[in-house]
**Student:** 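Before I ask anything, let me first share the structure, which is written out below as structure tokens.
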Amino acid sequence: MARVSVKLPAGAVSAGGRTEVEVEAVTVQEALDKAIELEPSTRLRIYREDGRMYAGVFVGGRNIKLAGGLEAELKDGDVLRIVPPISGG
């Protein structure tokens, strides 16, 4: 099991909530689940109501879609960064 840091979007945490949590996890999915346990208000900023991924998730600056998806294995010291979608015109 790896000890990793999960950086949460500032607008996704409750007032006074943490924007970074440390968890122990084997996969990206497990790390996200544990981060949500610690900061439950982030769930709707990461996942859609139907359970599909809403935000971008990056490990070491690389999109997890290119590195094994939610089942990608983590190593000690990895940093997961959650980036909500950005739109505008």
Side-chain angles (χ1 to χ4, degrees):
M1 207 167 271
R3 185 137 185 92
V4 300
S5 176
V6 181
K7 298 200 179 264
L8 305 168
V13 297
S14 57
R18 297 173 282 187
T19 57
E20 183 174 354
V21 295
E22 288 200 12
V23 299
E24 289 190 4
V26 174
T27 65
V28 170
Q29 179 70 67
E30 186 178 4
L32 291 175
D33 290 345
K34 289 183 176 184
I36 290 168
E37 283 179 25
L38 295 170
E39 286 293 335
S41 63
T42 60
R43 176 176 294 286
L44 291 176
R45 301 288 261 173
I46 299 171
Y47 296 103
R48 298 176 191 265
E49 289 181 15
D50 64 7
R52 292 184 301 145
M53 184 69 68
Y54 179 66
V57 179
F58 297 82
V59 177
R62 187 169 181 184
N63 192 317
I64 63 164
K65 292 179 182 177
L66 304 173
L70 292 171
E71 296 308 313
E73 291 192 10
L74 300 170
K75 61 184 184 308
D76 276 334
D78 275 345
V79 176
L80 277 74
R81 193 172 305 272
I82 300 166
V83 180
I86 300 170
S87 63

**Student:** Could you give me the CA-CA distance, side-chain angles and deciding distance for Leu70 and Met53, then say whether side chain to side chain contact (heavy atoms under 4.5 Å, CB included) is met?
**Tutor:** CA-CA 10 Å; Leu70 292 171; Met53 184 69 68; 3.3 Å; yes
**Student:** Return the minimal non-hydrogen interatomic distance between Pro84 and Ala55, and the atom names on each side.
**Tutor:**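 Minimum heavy-atom separation between Pro84 and Ala55: CA-CB, 4.0 Å.
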**Student:** Do Tyr54 and Ile46 share a hydrophobic cluster, counting only Ile, Leu, Val, Met, Phe, Trp and Tyr and linking them when any side-chain heavy atoms are less than 4.5 Å apart?
**Tutor:**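 Unlinked, Tyr54 and Ile46 end up in two clusters.
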**Student:** In terms of hydrophobic clusters joined by side-chain contacts under 4.5 Å, are Val4 and Phe58 together?
**Tutor:**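 No, because Val4 and Phe58 fall into different hydrophobic clusters, even though each may have its own neighbours under 4.5 Å.
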**Student:** In Å and rounded to the nearest 0.5 Å, what is the OG1 to CD1 distance from Thr19 to Ile82?
**Tutor:**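 Spacing of OG1 (Thr19) from CD1 (Ile82) equals 11.0 Å.
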**Student:** Write down the atom of Ala35, the atom of Val23, and the distance for their closest heavy-atom approach.
**Tutor:**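 For Ala35 and Val23, the tightest heavy-atom pair comes out as N-CG1, 4.1 Å.
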**Student:** Test question: given the 4.5 Å side-chain rule for I, L, V, M, F, W and Y, name all other residues clustered with Leu66, or answer none.
**Tutor:**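 ILVMFWY cluster around Leu66 holds nothing else.
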**Student:** So, using salt bridge (charged side-chain N to carboxylate O under 4.0 Å, His left out) as the criterion, who are the partners of Arg52 when residues are at least two apart?
**Tutor:** Asp50
**Student:** Among Glu20, Glu22, Arg81, which residue meets the side chain to side chain donor-acceptor pair (under 3.5 Å) test with Ser5?
**Tutor:**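 Answer to the side chain to side chain donor-acceptor pair (under 3.5 Å) test with Ser5 among Glu20, Glu22, Arg81: Glu20.
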**Student:** Taking all heavy atoms of Leu8 and all of Arg18, pick out the closest pair and write down the distance.
**Tutor:**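 Scanning both residues, the minimum pair turns out to be CD1-O, 3.6 Å.
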**Student:** Taking only distance into account, with no hydrogens and no angle test, what donor-acceptor pairs under 3.5 Å do side-chain atoms of residues 71-79 form with protein atoms, sequence neighbours excluded?
**Tutor:**
from: Lys75; atom 1: NZ; to: Asp78; atom 2: OD1; distance (Å): 3.2
from: Asp76; atom 1: OD1; to: Arg3; atom 2: N; distance (Å): 2.7
from: Asp78; atom 1: OD2; to: Lys75; atom 2: N; distance (Å): 2.9

**Student:** Please report, to 0.1 Å, the donor-acceptor pairs under 3.5 Å made by any side chain of residues 26-34, with sequence neighbours excluded.
**Tutor:**
from: Thr27; atom 1: OG1; to: Glu30; atom 2: N; distance (Å): 3.2
from: Gln29; atom 1: NE2; to: Asp33; atom 2: OD1; distance (Å): 3.0
from: Gln29; atom 1: NE2; to: Tyr47; atom 2: OH; distance (Å): 3.0
from: Glu30; atom 1: OE1; to: Val26; atom 2: N; distance (Å): 2.9
from: Glu30; atom 1: OE2; to: Lys34; atom 2: NZ; distance (Å): 3.4
from: Lys34; atom 1: NZ; to: Glu24; atom 2: O; distance (Å): 2.6

**Student:** Using the salt bridge (Lys or Arg N to Asp or Glu O under 4.0 Å) rule, collect all pairs that involve residues 55-70, keeping only residues at least two apart or in two chains.
**Tutor:** none
